[in-house]
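One structure is given here, and the rest of the page talks about it.
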Number of protein chains: 2
Amino acid sequence: MSAPRSARDRVRAEVRGEILAAARARLAQEGAAALSLRSIARDLDMAPSALYRYFDGRDAILSALILEAYTSLADQAEAAAAGAAGWSVVPGAMRDWALAHPHEWGLIFGSPVPGYRAPEETVVPYARVAGALVRPIAAAHRDGRLRATETDTDTDAARSPALDAALAPVHDALLPGVPGPTVQRALEAWCTLVGAISLEVFGHWRNTVLDPALFFDCTVETLGAQIGVVA
Amino acid sequence: MSAPRSARDRVRAEVRGEILAAARARLAQEGAAALSLRSIARDLDMAPSALYRYFDGRDAILSALILEAYTSLADQAEAAAAGAAGWSVVPGAMRDWALAHPHEWGLIFGSPVPGYRAPEETVVPYARVAGALVRPIAAAHRDGRLRATETDTDTDAARSPALDAALAPVHDALLPGVPGPTVQRALEAWCTLVGAISLEVFGHWRNTVLDPALFFDCTVETLGAQIGVVA
DNA sequence: GTCTATAAACCGATAGAC
DNA sequence: GTCTATCGGTTTATAGAC
């Protein structure tokens, strides 16, 4: 956020970046659980105790890594949304990011590290990803291009006020003014995207889905049709 | 599978079971990464070295635990499918199992443990879960109750032979004779279910979906409508 | 089959010299 | 700010007595 003022601050930020880079490399090889302060220090040819000048300890490094992962994904999602229009842009960017950073994806959407609480600041970048994803939906609704789908009318009758209440936070924060069924479709799409990407990244498609990229693209297209946002 | 013959084999199997039970309890409290052979031995009031008579080492215990998790999920899914008809039965059983065994769910669908290969025998119980899930779809198709949906006809035109080829393993093994779009819908539903359950179990619904159970039920209902299998 | 004892690592965190 | 040295803890795995 704030630019480093003094030269000392600048070199300090640089060292911090190098520590995080080493930690990121370790993460890719050994996973989050095995990430140790000592191994990072070894990679940097530093004494383990020296790292304490830059981070409060091992957990602080992991927290920074997690926050960095969230921010990186959010950046990629927003850049994709800003660069091109269309419903499928952000899902594709999410998958690309996950395939390029599988361990970071695991940090966000995989099993939580036990006894460890994710930093609260992840809420903001998490919302940025969701915001970029639903932007085409909101735009379509604003332009009157949002099409009511068969599923919507099917489930409309059965819709309970309780469900509306349960999804109120998402409705208000992400898609204000948009019909309730559309919000539900969008949240279901979020589940589908996270599930599809996780299943692929975590290696569950072996001998099952022979062309994951094609399947993903078709799935995204299906989701768009079910939401009613035209391509 | 084969019943233990001698009394020695029987007590041996019993001790193995106790070791796995202790490991399961540890897993539930500390997660997979922190599961250590020594902690298991401590819980059983045994010397750590004694466990080597029953398992080759820590990784072997983890492997057994993973296989056990797959089998447990498959048992629950099949029991649910056998006990009641309807599309929503198996998804609900999967979610119930995941909420009751969050760490085991993470073992199956979470970030894979790096440097560790899941046992090959997990393929069978994994297929059992999928088989139980799609059973109502196959039954509906057999009885002519499978309804063509709007999404199917929408995407039918754009369907490529490449996609059919990519999904051929699933098509042949799980839903032979069923239309291609239905197979695609089923696989998309698998992604949605895994995604929805993972997001809930891994704690991503905080301040987002206020009633996860209700949202899940509605999502399952939506998926059934989109597949065209009547409730 | 179970134990004690031990080898050979690893870890986080801190104290204090420079 | 970086180092050495160290404390106190953890782990897997093995050797050998009983």
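In the text below, chain A, chain B and the rest are named by the order of the sequence lines, each starting its count at 1.
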Q: Just do the ring pair (Phe, Tyr, Trp, His ring centres under 6.0 Å) check on A:F215 and B:W190 with the steps written out, would you?
A: CA-CA 13 Å; A:F215 170 68; B:W190 178 252; over 10 Å; no

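B:R58 comes within 4.0 angstrom of the backbone, heavy atoms only, and of no base. Heavy atoms of B:R16 sit nowhere under 4.0 angstrom from any nucleic acid atom. Across all strands, A:D56 comes closer than 4.0 Å to no nucleic acid atom at all (heavy-atom distances). Among the heavy atoms of the strands lying under 4.0 Å from A:A47 is at least one base atom, whether or not backbone atoms are also near.
The side chain of B:Y52 contributes an N or O atom lying less than 4.0 Å from OP1 or OP2 of D:dA13.
Nucleotides of DNA chain C with any atom under 4.0 Å from a heavy atom of chain A span, from 5' to 3', C:dC11 to C:dA15.
No side-chain donor-acceptor contact under 3.5 Å links B:T222 and B:T219.
At a threshold of 4.5 Å between non-hydrogen side-chain atoms, the residues A:R95 and A:L99 count as touching. Side chains of B:V183 and B:L187 form no contact here, defined as non-hydrogen atoms less than 4.5 Å apart.
Contact annotation: side chain of B:S36 to base of D:dT10, donor-acceptor pair absent below 3.5 Å. At a cut-off of 3.5 angstrom, the base of D:dT12 holds at least one donor-acceptor pair with the side chain of B:R38.
Residues forming a salt bridge (charged side-chain N to carboxylate O under 4.0 Å, His left out) with A:R24 (at least two apart in sequence, or on another chain): A:E68.
Nearest-nucleotide positions on DNA chain C for B:M46 and A:L35 put B:M46 closer to the 5' end. Two residues, B:R53 and B:D59, neighbour DNA chain D, and the one matched to the more 5' nucleotide by heavy-atom proximity is B:D59. Where A:S49 and A:S39 each meet DNA chain C at their nearest nucleotide, the meeting point lying more 5' is that of A:S39.
Residue A:L51 contributes atom CG, which lies 15 Å from atom C1' of D:dT4 at whole-angstrom precision.
Between A:Y70 and A:W97, the distance separating the two ring centers is not shorter than 6.0 angstrom.
Taken to the nearest 0.5 Å, the CD1 atom of A:I66 stands 11.5 Å off from the CZ atom of A:R117.
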